[in-house]
Amino acid sequence: MKKGMETLRSERRYLLAQRVSYSLLAIILFVYGLIAIRDFLWPIAFGFLLSYLFYPVVRWLERHRVPRILANFIAIITGLGILASLGLLAFSKISSVANDLPGLAEAGMRKLADFVSEMSAHFGFDRQETKRIIKDQVENMMSSGGQYFQNIFNSTASTIVSFGLLPVYLFLFLFYRSKFARFLMMNFGRENRQKVILILREVSKVFVRYMAGVLMVVVILCVVNSSGLMIIGFRYPIAFGIISALFNFIPYFGTLLGGAVPLLFALIGEGDPSLAFRVVILFAIIQFIDNNILTPNIVGGNVRVNPFFIITGLLAAGFIWGIPGLLLIVPFLAITRIVFSHIDSMKPFAFLLGDQGTAKHSLTLDKIKSLWRRILRKESSAGSGK
């Protein structure tokens with residue numbers, strides 16, 4: 001009897017180990033596939049998500065008896081026109097920096113060489129020798145820059161081709177959306193028809209609200225960053241305010257990455273440590289405001305994803321797909337949470353992915369208003385007591 005029980009336990013352990021091994025192998029192969037064909041997959045993923053953004057416009061046009069093909073063309077061309085207009089507006093503000101960039105780079109390298117030589121002199125190194133070494137290294141970088149720029153050109157050309165395919169994928173997803181929806185319904189059966197429709201509608205609402213919220217945060221930060229840089233006496237405040245705000249399409253890390261641009265300019269271009277310190281303080285304040293007030297209240301209520309999984313997902317997506325992964329991961333996490341919330345066996349994972357259970361610890365505008373009212377009441381009661 002004991003021997004039979006031991007045999008049964010060993011078989012169960014073997015089956016469990018086999019299942020875990022197969023699962024790990026499947027995950028490894030899946031991640032490897034994502035990395036191997038990422039240049040093929042990320043334009044499709046962007047097209048899929050953007051189709052949800054354009055869907056309300058296309059649907060409105062179709063309700064007004066515009067044929068689907070024509071409605072898709074009108075929506076896509078209008079979207080491209082708005083994007084091009086915003087790009088030209090941003091470029092007009094940034095062009096002043098681009099025109100001065102060669103002179104700024106030369107002055108920055110000269111100031112960097114002076115700074116390094118001054119530091120080396122404190123440690124007993126010859127100042128002129130240090131400057132000569134730095135100059136030789138810069139010349140070597142410039143002489144070997146041909147291959148580097150060739151690699152940049154090749155990767156840029158590949159990226160341009162991928163972006164060129166985006167409108168095509170977007171059009172196809174919008175045109176064949178009914179076919180894709182029927183395919184899902186056929187796979188999940190008639191009894192789950194309403195559930196599939198509900199999931200698709202929730203995904204559409206969440207992504208549209210998410211993109212609207214992100215755009216609103218970026219616009220607000222354009223104003224906040226530019227105003228802050230202007231107050232601390234930064235040259236080109238509007239240009240660098242816009243550049244740093246555009247990084248906020250990447251959640252949580254966007255403000256830090258965007259703040260690195262004016263910080264480098266202050267250190268290298270201006271050679272002013274005190275200005276660099278003011279930039280650090282400014283973007284530390286903006287980072288706090290963005291992560292605790294703007295993004296949670298404007299964007300966070302739409303995606304309803306746990307910040308822990310957003311941060312870990314950003315790190316993993318950046319490793320697998322680079323910048324496209326950083327831009328795509330949050331909407332896909334939100335879609336995963338929505339799908340899991342409608343499957344009984346996956347509801348615990350939806351709860352884990354979601355932001356439920358942490359509301360009392362979050363910093364919201366209502367809590368800030370309530371705290372401000374309490375402070376005012378205490379001050380008024382203290383004044384009346386005197």
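The residues of the chain are indexed from 1 along the displayed sequence. Any value given below was found using the heavy atoms of this structure, including those in side chains, with hydrogens, waters and symmetry copies removed. Remember, it's a predicted structure, so these values are computed and weren't measured experimentally.
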Legend entry - Other residues, nucleotides, ligands: >12 heavy atoms within 6.0 Å of Tyr32 OH: no
Inset, instruction - Over all heavy atoms of both residues, which pair between Val305 and Phe309 is shortest? Give the atoms and the distance, please. - result: CG1-CB, 4.5 Å
Legend entry - Main-chain N/O of Ala350 paired to Arg337 side chain as donor or acceptor, under 3.5 Å: no
Inset, instruction - Kindly give the heavy-atom pair with the smallest separation between Phe253 and Leu315, and that separation in Å. - result: CZ-CD2, 4.4 Å
Legend entry - Non-hydrogen atoms of Val279 and Ala266 that approach each other most closely: CG2-CB, 4.5 Å
Legend entry - Residue pair Ile44, Phe48: steps toward the side chain to side chain contact (heavy atoms under 4.5 Å, CB included) verdict: CA-CA 6 Å; Ile44 298 176; Phe48 170 73; 5.5 Å; no
Legend entry - Salt-bridge criterion met for Glu62 and Arg177 (N-O under 4.0 Å): yes
Inset, instruction - Give, for atom CG of Leu165 and atom CZ of Phe40, the distance between the pair rounded to the nearest 0.5 Å. - result: 9.5 Å
Inset, instruction - Before giving the answer on side chain to side chain donor-acceptor pair (under 3.5 Å), spell out for Arg304 and Ser341 the whole-Å C-alpha distance, their side-chain angles and the decisive distance to 0.1 Å. - result: CA-CA 12 Å; Arg304 297 177 61 192; Ser341 66; over 6 Å; no
Inset, instruction - Determine whether Ile320 and Ile28 fall in the same hydrophobic cluster, where Ile, Leu, Val, Met, Phe, Trp and Tyr are linked whenever their side-chain heavy atoms lie under 4.5 Å apart. - result: no
Legend entry - Student check: side-chain heavy atoms of Phe171 and Ile69 closer than 4.5 Å: yes
Inset, instruction - Please lay out, stage by stage, how Val261 and Phe247 fare under the test side chain to side chain contact (heavy atoms under 4.5 Å, CB included). - result: CA-CA 10 Å; Val261 179; Phe247 281 89; 3.9 Å; yes
Legend entry - Same apolar cluster (I L V M F W Y, side chains within < 4.5 Å links), Phe249/Ile323: yes
Legend entry - Those residues that, when tested against Phe183, pass ring pair (Phe, Tyr, Trp, His ring centres under 6.0 Å) (two or more places apart): none
Inset, instruction - Find the distance between OG1 (Thr312) and CG (Asn306) and round it off to the nearest 0.5 Å. - result: 8.5 Å
Inset, instruction - Determine, using the 4.5 Å side-chain heavy-atom cutoff (strictly less than), whether Ile76 and Ile74 are members of one ILVMFWY cluster. - result: no
Inset, instruction - Say whether Phe332 and Phe180 are linked into one hydrophobic cluster, either directly or through other cluster members, by side-chain heavy-atom distances under 4.5 angstrom. - result: yes
Inset, instruction - State which residue, out of Ile338, Thr336, Ile310, fulfils the side chain to side chain contact (heavy atoms under 4.5 Å, CB included) condition with Leu353. - result: Thr336
Legend entry - Any side-chain heavy-atom pair of Ile286 and Leu221 under 4.5 Å: yes
Inset, instruction - Starting at CG of Leu314, measure out to CD1 of Ile329 and round the result to the nearest 0.5 Å. - result: 7.0 Å
Inset, instruction - Kindly compute the distance separating CZ (Arg182) from CZ (Arg193), expressed to the nearest 0.5 Å. - result: 8.5 Å
Inset, instruction - Please report the closest heavy-atom contact between Asn248 and Gly254, naming both atoms and the distance. - result: OD1-C, 3.9 Å
Inset, instruction - Answer whether the closest heavy-atom distance between the side chains of Phe207 and Ile335 falls below 4.5 Å. - result: no
Legend entry - Close side-chain approach of Leu294 to Met216, heavy-atom, < 4.5 Å: no
Legend entry - Linked, directly or transitively: Val223 and Val217 (ILVMFWY side chains, under 4.5 Å): no
Inset, instruction - Determine yes or no for a side-chain-to-main-chain donor-acceptor pair under 3.5 angstrom, with Arg278 supplying the side chain and Ile232 the backbone. - result: yes
Legend entry - Nearest atoms (heavy-atom pairs only) where Val57 meets Ala75: CG1-CB, 4.1 Å
Inset, instruction - Would you indicate whether the side-chain heavy atoms of Leu327 and Ile250 approach each other to under 4.5 Å? - result: yes
Legend entry - Any donor-acceptor pair under 3.5 Å from Ser204 side chain to Leu200 backbone: no
Legend entry - Phe234-Phe265 aromatic ring centre distance below 6.0 Å: yes
Legend entry - Euclidean distance, Leu49 CG relative to Tyr210 OH, rounded to 0.5 Å: 9.5 Å
Inset, instruction - Please name the pair of heavy atoms, one in Gly258 and one in Ser244, separated by the smallest distance, quoted to 0.1 Å. - result: O-CB, 3.3 Å
Inset, instruction - Measure the shortest side-chain to side-chain distance between Phe46 and Tyr169 over non-hydrogen atoms and say whether it is less than 4.5 angstrom. - result: no
Inset, instruction - Could you check if a side-chain atom of Asp344 sits within less than 4.5 angstrom of a side-chain atom of Lys347, using non-hydrogen atoms only? - result: yes
Inset, instruction - Walk me through it: do Phe54 and Leu174 pass the test side chain to side chain contact (heavy atoms under 4.5 Å, CB included)? - result: CA-CA 8 Å; Phe54 281 80; Leu174 288 170; 4.0 Å; yes
Inset, instruction - Check whether any side-chain heavy atom of Leu41 lies under 4.5 Å from a side-chain heavy atom of Trp321, and answer yes or no. - result: yes
Legend entry - Spacing of Ser178 atom OG and Arg68 atom CZ [to the nearest 0.5 Å]: 4.0 Å
Inset, instruction - Could you tell me if the ring centre of Tyr52 sits under 6.0 Å from that of Phe173? - result: no
Inset, instruction - Start with the C-alpha distance between Phe240 and Asn225, add both sets of side-chain angles, then the distance that settles side chain to side chain contact (heavy atoms under 4.5 Å, CB included), and finish with yes or no. - result: CA-CA 8 Å; Phe240 279 93; Asn225 293 352; over 6 Å; no
